[in-house]
Amino acid sequence: MFGNVIGDFITGFQFLTRIPIKAQTQWSPDSFSQSVKYFPLIGGIIGLLLAGSVYGAQAFWGVNVPVHLLAIGVILFEIILTGGLHCDGLMDTIDGVFSGKSRERMLEIMKDSRVGAFGAMSFCLLIFVKYSLIMDMDPRLLPLAILVMPIIGRTAVIIPITFYPYARPEGLGKAFYQSSHKYTLSIAGILAALLLIPLGKIVIASGVIGIVFAYLFSEYVSKRLGGLTGDVYGATIELTEIVTLLVFIIYS
């Protein structure tokens with residue numbers, strides 16, 4: 001049993017990050033779906049690395065830390081850690097959903113490896129908004145915001161994975177969806193609560209608002225596509241991270 005837990009965690013970790021770890025050669029659909037419950041923990045590892053880089057920069061430069069370099073560094077570091085996986089999902093989702101085409105054509109556009117105009121603009125806006133939010137944030141709150149941002153994003157995405165049907169008959173994202181259920185959500189919720197609640201009211205508020213946003217976004221996209229896809233999961237993570245930073249900005 002313990003071996004299955006480790007294997008499922010490694011499956012999710014290898015998929016969601018590009019951090020070197022012991023290779024797992026056999027990825028079964030069941031292992032993919034079981035790995036979903038560990039998403040908050042994986043987000044915590046990403047958050048620790050990002051927040052550690054912020055703490056390191058602040059310790060080195062002190063109050064004179066160049067915030068613009070800090071913002072660029074955090075954004076680039078996260079893209080490197082995740083391989084840009086969720087950014088790609090955001091671009092594909094925006095390309096499809098805002099194409100104004102039929103449901104079938106939207107899904108075809110999202111599957112196309114080429115990036116359209118809407119997708120390119122969404123990526124540029126994503127970087128610009130994240131950069132602006134980090135630049136404008138109270139430096140005392142920044143490490144905490146960067147720490148919890150990946151946790152909340154990867155917790156919120158469990159909502160669409162668990163409660164919404166998959167829009168295609170097959171696809172990589174379907175491996176996460178097909179065996180996920182409320183038990184998965186319960187375990188993930190407990191892990192997320194253990195990670196977030198001790199960090200204070202602003203973190204709890206960010207988590208609640210992020211989950212509500214993920215639900216509303218999933219509801220909107222599901223009505224357009226008749227379900228969700230792996231690209232929508234990635235878009236949910238990226239947009240929820242933006243919402244998390246925005247809550248911290250409002251608080252500060």
Side-chain angles (χ1 to χ4, degrees), residues 1-19 21-50 78 81-83 85-86 89 147-167 170-199 203-204 206-215 217-219 222 227-241 243-244:
M1 180 178 178
F2 185 73
N4 290 338
V5 169
I6 297 297
D8 295 340
F9 173 81
I10 292 175
T11 296
F13 191 82
Q14 286 184 309
F15 183 79
L16 292 180
T17 77
R18 296 299 177 266
I19 301 172
I21 193 173
K22 180 182 177 181
Q24 182 162 308
T25 56
Q26 295 183 347
W27 286 10
S28 67
D30 183 64
S31 184
F32 263 106
S33 62
Q34 294 302 318
S35 73
V36 172
K37 64 173 69 75
Y38 304 114
F39 277 16
L41 187 57
I42 297 169
I45 295 172
I46 296 172
L48 282 173
L49 292 172
L50 293 175
E78 185 179 21
L81 289 175
T82 62
L85 176 67
H86 314 312
L147 170 64
V148 302
M149 177 183 72
I151 302 174
I152 295 173
R154 284 150 190 81
T155 300
V157 76
I158 301 174
I159 298 295
I161 291 175
T162 304
F163 290 106
Y164 289 88
Y166 202 71
E170 58 183 17
L172 185 58
K174 191 172 183 180
F176 290 114
Y177 160 75
Q178 62 186 8
S179 297
S180 296
H181 43 66
K182 293 180 181 180
Y183 169 77
T184 299
L185 183 62
S186 299
I187 298 297
I190 292 171
L191 288 174
L194 291 174
L195 292 171
L196 298 176
I197 290 178
L199 298 177
V203 174
I204 297 171
S206 299
V208 172
I209 294 172
I211 289 172
V212 171
F213 168 80
Y215 165 74
F217 178 71
S218 302
E219 187 73 15
S222 181
L228 303 179
T229 69
D231 289 324
V232 180
Y233 299 159
T236 302
I237 291 175
E238 288 292 345
L239 294 176
T240 304
E241 288 188 351
V243 170
T244 300

Between atom [atom1] of [X] and atom [atom2] of [Y], what is the distance when rounded to the nearest 0.5 Å?
{"X": "Phe163", "Y": "Leu228", "atom1": "CZ", "atom2": "CG", "value": "12.5 Å"}
{"X": "Ile42", "Y": "Ile10", "atom1": "CD1", "atom2": "CD1", "value": "10.5 Å"}
{"X": "Lys37", "Y": "Thr162", "atom1": "NZ", "atom2": "OG1", "value": "10.5 Å"}
{"X": "Ile209", "Y": "Thr240", "atom1": "CD1", "atom2": "OG1", "value": "12.0 Å"}
{"X": "Gln14", "Y": "Phe9", "atom1": "CD", "atom2": "CZ", "value": "10.5 Å"}

*Would Thr229 and Tyr166 count as a side chain to side chain contact (heavy atoms under 4.5 Å, CB included) if you check the C-alpha gap in whole Å, the side-chain angles of each, and the deciding distance to 0.1 Å?*
CA-CA 6 Å; Thr229 69; Tyr166 202 71; 4.2 Å; yes

Are side-chain heavy atoms of [X] and [Y] found at a separation under 4.5 Å?
{"X": "Leu196", "Y": "Ser206", "answer": "no"}
{"X": "Val232", "Y": "Phe217", "answer": "yes"}
{"X": "Tyr38", "Y": "Thr11", "answer": "no"}

Can you give me every donor-acceptor pair (side chain of residues 147-157, partner residue at least two apart or in another chain, under 3.5 Å) with its distance?
residue: Arg154; atom: NH1; partner: Pro150; partner atom: O; Å: 3.1
residue: Arg154; atom: NH1; partner: Glu241; partner atom: OE2; Å: 2.9
residue: Arg154; atom: NH2; partner: His86; partner atom: NE2; Å: 3.4
residue: Thr155; atom: OG1; partner: Ile151; partner atom: O; Å: 2.7

*side chain to side chain contact (heavy atoms under 4.5 Å, CB included) with Ile19: which residues, sequence neighbours excluded?*
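Result, side chain to side chain contact (heavy atoms under 4.5 Å, CB included) vs Ile19: Phe13, Thr17, Leu49, Leu81.
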
*Go through the steps to decide whether Leu16 and Thr82 satisfy the test side chain to side chain contact (heavy atoms under 4.5 Å, CB included), and finish with yes or no.*
CA-CA 6 Å; Leu16 292 180; Thr82 62; over 6 Å; no

_Closest approach of Pro198 to Ala193 (non-hydrogen atoms, all atoms of both residues)_ =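 Closest heavy-atom pair between Pro198 and Ala193: CD-O, 3.6 Å.
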
_On a heavy-atom basis, which atom in Leu195 and which in Pro40 lie closest, and how many Å separate them?_
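Heavy atoms of Leu195 and Pro40 come nearest at CD1-O, 3.5 Å.
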
*asked:* Let's go through Glu78 and Leu50 carefully: what are the C-alpha distance in whole Å and the side-chain angles of both, what is the deciding distance for side chain to side chain contact (heavy atoms under 4.5 Å, CB included) to 0.1 Å, and is it a yes or a no?
replied: CA-CA 7 Å; Glu78 185 179 21; Leu50 293 175; 4.0 Å; yes

_side chain to side chain contact (heavy atoms under 4.5 Å, CB included) assessment of Ile159 paired with Leu185_ = CA-CA 8 Å; Ile159 298 295; Leu185 183 62; 4.1 Å; yes

